Protein chains: 2
Amino acid sequence: MNQETKAEVIDLSALQVACRDCTLFQLCLPIGLGEADLARLERIIKTKRYARRGDYIFRRGEGFRAIYAVKAGSVKTVTIAEDGREQVTGFHLPGELFGLDAIAGGSHCASARALERTTLCEIPFDSLEDFGEEVPAILRQMLRIMSREIQRDHTLAHLANRSAEERLAAFLISISNRYRERGFSGSEFHLTMSRSDIGNYLGLAVETVSRLFTRFQHEGLLAARSKHIQLLDVDGLQGIAGEAVCVRGASR
Amino acid sequence: MNQETKAEVIDLSALQVACRDCTLFQLCLPIGLGEADLARLERIIKTKRYARRGDYIFRRGEGFRAIYAVKAGSVKTVTIAEDGREQVTGFHLPGELFGLDAIAGGSHCASARALERTTLCEIPFDSLEDFGEEVPAILRQMLRIMSREIQRDHTLAHLANRSAEERLAAFLISISNRYRERGFSGSEFHLTMSRSDIGNYLGLAVETVSRLFTRFQHEGLLAARSKHIQLLDVDGLQGIAGEAVCVRGASR
DNA sequence: CGCGCAGTTGACGTGCTTCAACCGCCGTGG
DNA sequence: CCACGGCGGTTGAAGCACGTCAACTGCGCG
C-alpha cells in the first residue's frame, strides 16, 4: 500500500483497503475455506458499488437486503426522529461493515450516506445465510464481527457523562486507531465528515467542536488544516480521552 | 428479599418469564428444531444460576465462557475507566440476554452485577458454537438477537443531544415496553436500579434524575413511591421522549 | 460576481452539575 | 431499647460548561 501522502497527487488505489484488511473479508480469510468455497464466496460478494458524496447507500425504512463494507471512502449512518432531528449513529471507514442493525427487523432503521467518493462491497444477506448453512464458520465469524460492534457502541455510551473535551479526544483516538488497524496512518488523516456531523455524533454543538479543535491546536495536541488532521501528541489526547475501556484493542 | 410491599405478597413465580418469552429461548423455538435437537439444546443451557443483590455474574477481564439470560430479577453491566469512574452500559430485564459484547475479544469488557435476587440461564459459548456447527439455524438466530442489540444501542446513542427530560422519558418508555413485551405490566413496575445507576446510564447527575421524577409526578405523568413506578400518561411521556426511532418495535 | 454553505470566533443565557444540607431507612452494636 | 453511622433519595442555592444567537470569513460553484 503506497502511502504517498504529503503534498503530492493522491493515488486512489492507495486509499483502498486490501481485501485482507477488510472486515468483510474476515468472513473467509482466517477460517480455512477451501478454494472452491472461497471462489463461491467471492461470487456472492458483489464488489464495486460506487457512491458520491451525499449519495444514499440505503434509506431508513427500506427492506433489508444486504450488508455493506467500505472498500474506499467513508460513510455515515443517520436516523431521523419524528420531529425531523437527525442523529448520526456511526461513521464507517475503509474495511468496516455497516447495515448490521437491520438484520433483526428486516428493514433499515437508519439511512447510510457516502461522505465522499466511496467504493463499497455489497453482500446479499440471503446468499450469506444460505452459504452459512453449509459453512457455519461463516456465521460464527459474523457473530464476532457483530460482537465487536456492540462492544464499540458500549464504549461510545461512555461519552454520556464526559466533558466535550473528553468526547472529542476519544473520537479522534478512535478514528486514529481504526485507520491504523487497516494499514493507514494513524497520526495523519482526513476527517471526511463535517464538523456538524462530528458534533451531532458526539452530542455537541458545532461551535463547541470548532472551539475544541482550535484549543487542541493551541495546546500542541494536533495540527488541523480544515479537514486534514495531524495528531502531534497521541498520548496527550489519550490522556484526555480517559483511556478507553477494554482489555485489548482498546478503542474500537 | 421479602418484597411484602404494600398490601399483597408477591408471588415469585409470577415474576419469572416463561421460557417461550425469553430471548435465549428464541434460539430453539421458532426455527423448527426436532425433538432430539431440542433436548440437546436444553442440556446445553444450564438453567438456575442464582445471584443476590450486588453479586457479580462475571467481572471485567474474565475470560469469556458463556452468555447469559435473565430468568427472573435484573442485572446491570458496568465498565470501569482508568480513573475509576464507573459507566453503566446496560440494564437487563427478565428474558433478555447479556454478555454478547465479549464474543469478539474473548474476555469481558464489562462486569455484570445483579440488581436484586436474580435467576439466570447460562449457556456455554463453546457448546453453542459446536451445536451451531450442526444446526446453523441456531447461529442465524444469534445474528438476529445481536442485531437487535446493536439497534438498541444506536437508539441509545440518540440520547447524546437530548435534554435531561427527554432522556428520562425515553428511558422509562423503553423499560415499560420491554416489560410489556415479556408479558409483564408496562404501566406499573419496579425500577430495581438505583437513581444513581439511572443517572450514570443516562449521563445525568443523580440530583437531576431525582428532580425530574418529582417534576414528572407533579405533571401527572407518573406516580412514584420510591422504586415503585406507575406510568399514568404513557402518551405524554412518549411525546417528551420524542418518538423512538425504528419502523417497527420502536423502543427496543 | 454573487449566492450558499462550512467553519470560526465572540457575547450571552441557561440547563445542568456541583456543593451542601437534610430526611428516612436500615443494620449494627452498645 | 436507643444511638450511631452509612447509604439512597430529595431539595435548595450557586457556578459553570455548554448551547444559542449572531457576525464574519473563506471557499466552491453556478
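A note on names: the letters A, B, ... follow the listed sequences, proteins ahead of strands, and every chain is numbered from 1. Source: prediction; values computed, not measured.
As judged by a 4.0 angstrom heavy-atom cut-off over every strand, A:Gly203 is placed among residues touching the sugar-phosphate backbone only.
When rounded to the nearest whole Å, the span between CD of B:Glu166 and C1' of C:dG15 equals 12 Å. Across the protein-nucleic acid pair, B:Asn161 atom CG and C:dC16 atom C1' stand 16 Å apart, rounded to whole Å. Distance NE2 (B:His228) to P (D:dG9): 16 Å, rounded to an integer number of Å. For B:Glu207 and D:dA13, the CD to C1' distance is 12 Å, given to the nearest whole Å. In this entry the distance linking CZ of B:Arg225 with C1' of D:dT10 reads 18 Å, nearest Å. Between A:Arg195 atom CZ and D:dG26 atom C1' the separation is 14 Å, expressed in whole Å. Between the CE atom of B:Met193 and the P atom of D:dG9 there is a distance of 11 Å, rounded to whole Å. Distance B:Ile198 CD1 to D:dG9 C1': 11 Å, rounded to the nearest Å.
The residue from A:His190, A:Glu116, A:Arg117 that alone fulfils the side-chain hydrogen bond (donor to acceptor under 3.5 Å, both in side chains) condition with A:Ser74 is A:Glu116.
Side chain of B:Gln217 to main chain of B:Ala224: a donor-acceptor pair is present (N/O by atom type, distance under 3.5 Å, no hydrogens or angles). Here the side chain of A:Asn200 pairs a donor or acceptor atom with the backbone of A:Glu86 at under 3.5 angstrom. With B:Arg182 contributing its side chain and B:Glu96 its backbone, the two residues share no donor-acceptor pair below 3.5 Å.
For B:Leu204, taking side-chain heavy atoms from C-beta onward, the closest of the listed nucleotides D:dT10, D:dT20, C:dC16 is C:dC16. Taking the side chain of A:Lys227 as heavy atoms from C-beta on, and the options C:dG7, D:dG12, D:dC18, the nearest nucleotide is C:dG7. Of the candidates D:dG19, C:dC16, C:dG10, C:dC16 carries the atom nearest the B:Ala164 side chain, counting heavy atoms from C-beta on.
Remark: the B:Gln87 side chain and the B:Thr79 side chain contain no N/O donor-acceptor pair separated by less than 3.5 Å.
Taking the six-membered ring for Trp, B:Phe184 and B:Phe189 have ring centres at least 6.0 Å apart.
In terms of polar N and O atoms assigned as donor or acceptor, the side chain of B:Glu165 never comes within less than 3.5 Å of the base of C:dC16 in a complementary pairing.
For the helix from C:dC1-D:dG30 to C:dC26-D:dG5, the angle separating the two terminal helix axes comes to 30°, with each axis derived from five pairs and the value rounded to 10°.
More than 12 heavy atoms of other residues, nucleotides or ligands shown are found within 6.0 angstrom of CZ on A:Arg85.
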side-chain contact (heavy atoms from CB on, under 4.5 Å) assessment of A:Phe216 paired with A:Ile229:
CA-CA 11 Å; A:Phe216 283 172; A:Ile229 305 291; over 6 Å; no

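Within residues 208-218 of chain A, the residues approaching DNA chain C are A:Ser210, A:Arg211, A:Thr214, by heavy-atom distance under 4.0 Å.
The NZ atom of B:Lys227 sits 8.5 Å away from the CG atom of B:Leu115 when rounded to the nearest 0.5 Å.
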